[in-house]
Trainee: 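Pasting in a structure now, in structure tokens, and then I'll have a few things to ask.
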Amino acid sequence: MLSDHLQVFDFNKKLKSWYLQNHRPLLWRQTSDPYKIWLSEIILQQTRVAQGTPYYEKFISDYPTVFDLAAADERDVLRLWQGLGYYSRARNMHFTARQIVAEFEGKFPQTAVQLAKLKGLGNYTAAAIASFAFGEAIPAIDGNVYRVMARLFGIFTDTLSNEGKKEFAAVAVQLVSHEDPATYNQAMIEFGALQCVPVAPDCKVCPFNDICYAFKFDMQAKLPVKTKKAAVRNRFFNYFILQKGDQLAMQERKGKDIWKGLYDFLMTESTELVDSPDVFFDDIVMYNILSKGRIREIPKVYQHLLTHQRLNVRFWWVDIPMNSDINLPEGLYFYSPEEIHSLPKPILVDTVLREEDYL
DNA sequence: TAATCGTGGGT
DNA sequence: TACCCAAGATT
């Protein structure tokens, strides 16, 4: 551990020097506008820079200010977010934009404590905005920073445990620069992202290989310590794409399951793969719907991987005659191709519709 | 508090 | 292939 102020001062000096020579010219670093910084931080949660960058550009273009975002429909915000995943980020961001306009006249709170009260902002994001936009001397500890600290100082406490968070935070508070906290936080994050990478870091060229615990004891692969993930569970979805003319029946997903707020089709979930449409007719509700139309061929199985789920999905296309008086279940409506294009959809649904040349 | 929330890239 | 992981937050 860095035991005194002189060592901390020296560490910060070398870190900043490394940063000034090696950092990437990322768009959201060219501004001190808290709205843009906030937007970038939400987008980058659990998301790679390469994947998030085009979304950042789209959002800044469509919603240049917090007022523009607040004035938007949630559906359009989700549509712009489509493909990024973790859609609660978009819903919370939209909610918070409206709160900032309604309660704070469009101005962001300026301290991490105040920022952390907003929906979608936890300790990390609040600290990041507070330091980047307002110069607060508070450490912003993301996954990169956990990794850097764990390796440098040989901290084996689980970074995701409460104990670990306290321990790492205590060390980080000692390290953070009070002269230039914004650059310090950017530098720690960038150092983790570029130099102290998760797999096979090139420690020969690391400016800290003289003091690094992990390098000294060859423990780079063991640090940081993280709890292992829960097992992936298998789920079996049967989607029914009811098509009437050029319109498809879609519905907004509700509840606590995946893809809340996005649009998909009539669906049943089963405990195993369904190979014949016969079983669907056992359910009276499904019978009443399916008997109004004609099921096409038995569709292929798509496997769609989420962090904790493996979805095995069949899309059963059902042609409904134009003169049918079919009554759709609650929440299900026919939409035109143009409307469907503008609806936010899970990437799997979007992919299938494109494959069928529908979108 | 441990489980859950997406998607895509890398190995 | 199967697994890891990526500027975390919420419940």
Side-chain angles (χ1 to χ4, degrees), chain A residues 23-24 26-29 36-56 78 81-93 95-96 115-133 139-148 158-166 168 182 185-194 196-201 221 224 226-235 253 255-262 264 302-311 313 344-351:
Chain A
H23 75 88
R24 297 163 290 181
L26 304 177
L27 288 172
W28 44 90
R29 289 189 180 138
K36 294 181 179 176
I37 291 168
W38 168 62
L39 183 55
S40 74
E41 290 300 336
I42 303 298
I43 286 175
L44 291 173
Q45 287 170 4
Q46 298 291 285
T47 303
R48 292 169 195 280
V49 167
Q51 188 186 3
T53 297
Y55 286 84
Y56 174 81
L78 280 169
W81 196 271
Q82 181 178 300
L84 250 195
Y86 287 157
Y87 296 93
S88 65
R89 289 184 292 172
R91 289 186 279 106
N92 288 338
M93 191 173 75
F95 178 94
T96 293
L115 286 162
K117 294 177 181 174
L118 302 173
K119 247 186 186 177
L121 283 83
N123 286 338
Y124 163 73
T125 304
I129 297 172
S131 75
F132 298 160
I141 311 172
D142 75 334
N144 291 301
V145 179
Y146 278 121
R147 185 171 58 255
V148 171
D158 184 341
T159 58
L160 299 180
S161 68
N162 263 348
E163 182 192 0
K165 285 173 187 169
K166 282 185 195 171
F168 279 88
N185 281 326
Q186 291 281 11
M188 282 292 276
I189 293 166
E190 191 76 337
F191 183 77
L194 297 184
C196 197
V197 293
V199 178
K226 290 183 179 180
T227 48
K228 48 180 175 285
K229 302 184 281 190
V232 176
R233 82 183 153 116
N234 256 305
R235 300 179 73 181
R253 284 184 69 89
K256 290 189 172 181
D257 205 348
I258 56 173
W259 300 332
K260 181 181 175 185
L262 306 194
D264 62 1
Y302 288 83
Q303 289 204 348
H304 187 74
L305 295 169
L306 288 70
T307 305
H308 297 299
Q309 303 181 32
R310 176 197 302 277
L311 305 183
V313 187
K345 301 169 288 296
I347 207 67
L348 174 62
V349 169
D350 193 81
T351 298

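Here is the naming used below: chain letters follow the sequence lines, and residue numbers restart at 1 for every chain.
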Trainee: Please report the distance separating the P of C:dA7 from the corresponding atom of B:dT11, rounded so that it comes out in whole Å.
Mentor: 15 Å

Trainee: Taking the side chain as C-beta and beyond, is there a heavy-atom pair between A:Asn144 and A:Glu190 under 4.5 Å?
Mentor: no

Trainee: Is the backbone of A:Ile37 close enough, under 3.5 Å, to the side chain of A:Ser40 for a donor and an acceptor to pair up by distance?
Mentor: yes

Trainee: Side-chain N or O of A:Gln45 less than 4.0 angstrom from OP1 or OP2 on C:dG8?
Mentor: no

Trainee: A:Arg235 side chain to A:Gln309 main-chain N or O, any donor-acceptor pair under 3.5 Å?
Mentor: no

Trainee: Quick one: does A:Arg253's side chain have a donor or acceptor within less than 3.5 Å of a partner on A:Ile258's backbone?
Mentor: yes

Trainee: Need to verify one output field. Residue with the more 5' nearest nucleotide on DNA chain C, A:Lys119 or A:Gln51?
Mentor: A:Gln51

Trainee: Keeping A:Gln82 on the side-chain end and A:Lys345 on the backbone end, is there a donor-acceptor pair under 3.5 Å?
Mentor: yes

Trainee: If you compare every side-chain N and O of A:Gln309 against the phosphate oxygens of B:dC5 (OP1, OP2), does one of them come in below 4.0 Å?
Mentor: yes

Trainee: A:Leu26 or A:Lys256: which one's nearest nucleotide on DNA chain C is closer to the 5' end?
Mentor: A:Leu26

Trainee: Distance check: side-chain N/O of A:Thr125 vs OP1/OP2 of C:dA9, anything under 4.0 Å?
Mentor: yes

Trainee: Under 3.5 Å, which N/O atoms of the protein pair with N/O atoms of nucleotides 2-5 of chain C?
Mentor:
| from | atom 1 | to | atom 2 | distance (Å) |
| --- | --- | --- | --- | --- |
| C:dC5 | O2 | A:Arg48 | NH2 | 2.8 |

Trainee: Using only side-chain N and O atoms of A:Trp259, determine if any of them is under 4.0 Å from OP1 or OP2 of B:dT7.
Mentor: yes

Trainee: Within the 4.0 Å heavy-atom criterion, would you say A:Ile347 contacts the bases, only the backbone, or no part of the nucleic acid?
Mentor: sugar-phosphate

Trainee: Suppose you measure atom P in B:dG8 against the same atom in C:dA9; what distance do you get, rounded to whole Å?
Mentor: 23 Å

Trainee: Mind checking if A:Trp28 touches a base, just sugar-phosphate, or nothing, with heavy atoms under 4.0 Å?
Mentor: base

Trainee: Can you check whether A:His308 has a side-chain N or O nearer than 4.0 Å to OP1 or OP2 of B:dC5?
Mentor: no

Trainee: For a side-chain contact (heavy atoms from CB on, under 4.5 Å) with A:Ile42, tell me which candidate from A:Tyr86, A:Tyr56, A:Trp81 qualifies.
Mentor: A:Trp81

Trainee: Tell me whether the OP1 or OP2 atom of B:dT7 has a side-chain N or O from A:Tyr87 closer than 4.0 Å.
Mentor: yes

Trainee: Sticking with atom P, work out how far C:dC4 lies from B:dA3, rounded to a whole angstrom.
Mentor: 15 Å

Trainee: Using a 4.0 Å heavy-atom cut-off across all strands, classify A:Leu160 as base, sugar-phosphate, or nothing.
Mentor: nothing

Trainee: Does OP1 or OP2 of C:dA9 have a side-chain N or O of A:Asn92 closer than 4.0 Å?
Mentor: no

Trainee: Check the side chains of A:Gln45 and A:Arg89 for a donor-acceptor pair under 3.5 angstrom, ignoring hydrogens and angles.
Mentor: no

